[in-house]
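Accompanying notes for the structure given below.
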Amino acid sequence: MKIAFINGSPKTKRNTSGIMLQNLRFFLEEHEACSSNMEIIEIGLHTASVSDSDMNTLKDADACVISCPLYIDALPGHLLSCLMQIEKSGLQNPALRVYGIVNCGFYEGIQADIALEIIQHWCAACSFLWSGGLGIGGGGGLSFMPPIKAGTGPLVKIGRALRSLAAVILKGSSQDNTYETLTFPRFLYKLAAEHGWRKIIKANGGKVKDLGRCR
């Protein structure tokens with residue numbers, strides 16, 4: 001079984017989209033009986049174009065997992081350009097099952113619902129098989145944390161969702177969209193996020209009071 005992992009984050013290094021794919025790989029490889037027949041190919045769509053080699057990978061893949069951040073209730077602009085390029089290319093693979101993992105800075109994973117729906121409509125336009133996805137809340141904090149073993153600590157609930165998705169992928173089946181968040185209190189997440197914003201604006205020469213300015 002050939003599985004294409006698409007990292008749709010605009011960041012090329014340590015991004016939450018990649019962390020989610022690494023965790024999913026862990027759970028896929030837990031299924032030892034399937035691992036010898038499983039091939040995972042990683043595709044980094046960090047800019048607004050898709051290479052010919054990546055197109056060929058999608059053409060031959062059995063499953064594709066698109067992992068990306070939520071941008072203004074939708075997908076990042078560069079990733080939308082890539083999806084449009086794939087659609088216009090007329091790539092033929094009607095048996096391709098597509099799964100989505102959308103992480104967001106909001107604490108609630110349900111905020112990723114519209115973005116997953118966009119991927120679903122794209123699948124319909126390309127004649128791919130939309131097979132369900134995950135909306136992950138609290139994703140904004142993961143890239144700032146030290147490496148965490150899949151399914152442990154603040155990743156317990158997210159790990160359960162990814163383990164379930166791994167089983168669905170290996171069966172070649174589909175699931176309803178599910179939504180999870182960090183195993184971390186909401187109020188502490190909010191405090192950490194606010195501290196992060198203050199730190200970032202100071203690092204860029206601004207003032208904390210400017211965070212409340214309206215244009």
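In this text, all values refer to a predicted model and were calculated from it rather than measured experimentally.
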Between the main-chain N or O of Gly8 and the side-chain N or O of His46, is there a donor-acceptor pair closer than 3.5 Å? no
Gap separating the OG1 atom of Thr16 from the CD1 atom of Ile101, nearest 0.5 angstrom: 12.0 Å
Does atom NZ of Lys2 have more than 12 heavy-atom neighbours, drawn from other residues, nucleotides or ligands, at distances under 6.0 Å? yes
Do Val156 and Leu182 touch side chain to side chain, with heavy atoms closer than 4.5 Å? no
For the CG atom of Asp113 and the CD atom of Glu108, what is their distance to the nearest 0.5 Å? 13.0 Å
Non-hydrogen side-chain atoms of Ile136 and Cys104 separated by less than 4.5 Å: no
Indicate if Val102 and Met84 have the same hydrophobic cluster label, given that clusters are the connected sets of ILVMFWY residues with side-chain heavy-atom separations under 4.5 angstrom. no
Could you list the residues that satisfy side chain to side chain donor-acceptor pair (under 3.5 Å) with Ser49, not counting sequence neighbours? none
To the closest 0.5 Å, what do you measure between NZ (Lys59) and CD1 (Ile86)? 14.0 Å
Search all heavy atoms of Ser67 against all heavy atoms of Ser17 and return the closest pair with its distance. OG-O, 2.9 Å
Steps toward side chain to side chain contact (heavy atoms under 4.5 Å, CB included) verdict (Leu134, Ile158): CA-CA 9 Å; Leu134 301 177; Ile158 293 174; over 6 Å; no
What one should report as the nearest heavy-atom pair of Thr57 and Ala4 is CG2-CB, 4.2 Å
Look up atom CH2 in Trp122 and atom CG in Leu83, then write down how far apart they are to the nearest 0.5 Å. 5.0 Å
Cut-off 3.5 Å, side chains only: do Asn56 and Ser53 have a donor facing an acceptor? no
Of all heavy-atom pairs between Phe128 and Asn93, which one has the smallest distance, and what is that distance? CD2-O, 3.5 Å
With Ser173, which residues qualify under side chain to side chain donor-acceptor pair (under 3.5 Å), at least two apart? none
Would you check if His78 and Thr47 make a side-chain contact, meaning some heavy-atom pair closer than 4.5 Å? no
Checking Asn177 against Glu117 for the side chain to side chain contact (heavy atoms under 4.5 Å, CB included) test, could you report, in this order, the C-alpha distance in whole Å, the side-chain angles of both residues, the deciding distance, and whether it holds? CA-CA 9 Å; Asn177 292 343; Glu117 188 175 349; over 6 Å; no
Ion pair Glu42/Arg25, N-O distance below 4.0 Å: yes
Test side chain to side chain contact (heavy atoms under 4.5 Å, CB included) applied to Leu28 and Ile40, step by step: CA-CA 10 Å; Leu28 286 168; Ile40 296 175; 3.9 Å; yes
Main-chain N/O of Asn37 paired with Glu39 side-chain donor or acceptor, under 3.5 Å: no
Among Leu79, Asn15, Leu45, Ile43, find the residue that satisfies the side chain to side chain contact (heavy atoms under 4.5 Å, CB included) test when tested with Asn7. Asn15
Between Leu129 and Leu170, is there a shared hydrophobic cluster once you connect ILVMFWY residues whose side-chain heavy atoms come closer than 4.5 Å? no
Within the structure provided, determine whether Gln175 and Ser131 are in side-chain contact (heavy-atom separation under 4.5 Å). no
Any side-chain heavy-atom pair of Thr181 and Lys157 under 4.5 Å: yes
Could you tell me if the side chain of Pro69 sits less than 4.5 Å from the side chain of Pro10, heavy atoms only? yes
Write down the atom of Ala61, the atom of Leu96, and the distance for their closest heavy-atom approach. O-CD1, 3.6 Å
Any chance you could lay out the side chain to side chain contact (heavy atoms under 4.5 Å, CB included) test for Leu24 and Gln22, step after step, and finish with the verdict? CA-CA 5 Å; Leu24 179 61; Gln22 290 170 10; over 6 Å; no
Is it true that Tyr107 and Tyr71 fall in one hydrophobic cluster, defined by side-chain heavy atoms closer than 4.5 Å? no
Do Ile41 and Met20 sit in the same hydrophobic cluster, where Ile, Leu, Val, Met, Phe, Trp and Tyr count as joined when their side-chain heavy atoms come under 4.5 Å apart? no
Centroid separation Trp130 to Tyr99 less than 6.0 Å: no
To the nearest 0.5 Å, what is the distance between SG on Cys126 and CG on Leu58? 10.0 Å
Quick one: does Arg97's side chain have a donor or acceptor within less than 3.5 Å of a partner on Gly172's backbone? yes
Let me confirm one number: the CZ-CG distance from Phe106 to Asn103, rounded to the nearest 0.5 Å. 12.0 Å
Output, in order, the C-alpha distance, side-chain angles, deciding distance and verdict of side chain to side chain donor-acceptor pair (under 3.5 Å) for Asp54 and Ser51. CA-CA 5 Å; Asp54 290 340; Ser51 68; 3.1 Å; yes
Of all heavy-atom pairs linking Leu75 and Cys68, the shortest is CD2-SG, 3.7 Å
For Glu180, is there an ion pair with Arg160 - N to carboxylate O distance below 4.0 angstrom? no
Smallest separation among heavy atoms of Gly135 and Leu116, with atom names: N-CD1, 4.0 Å
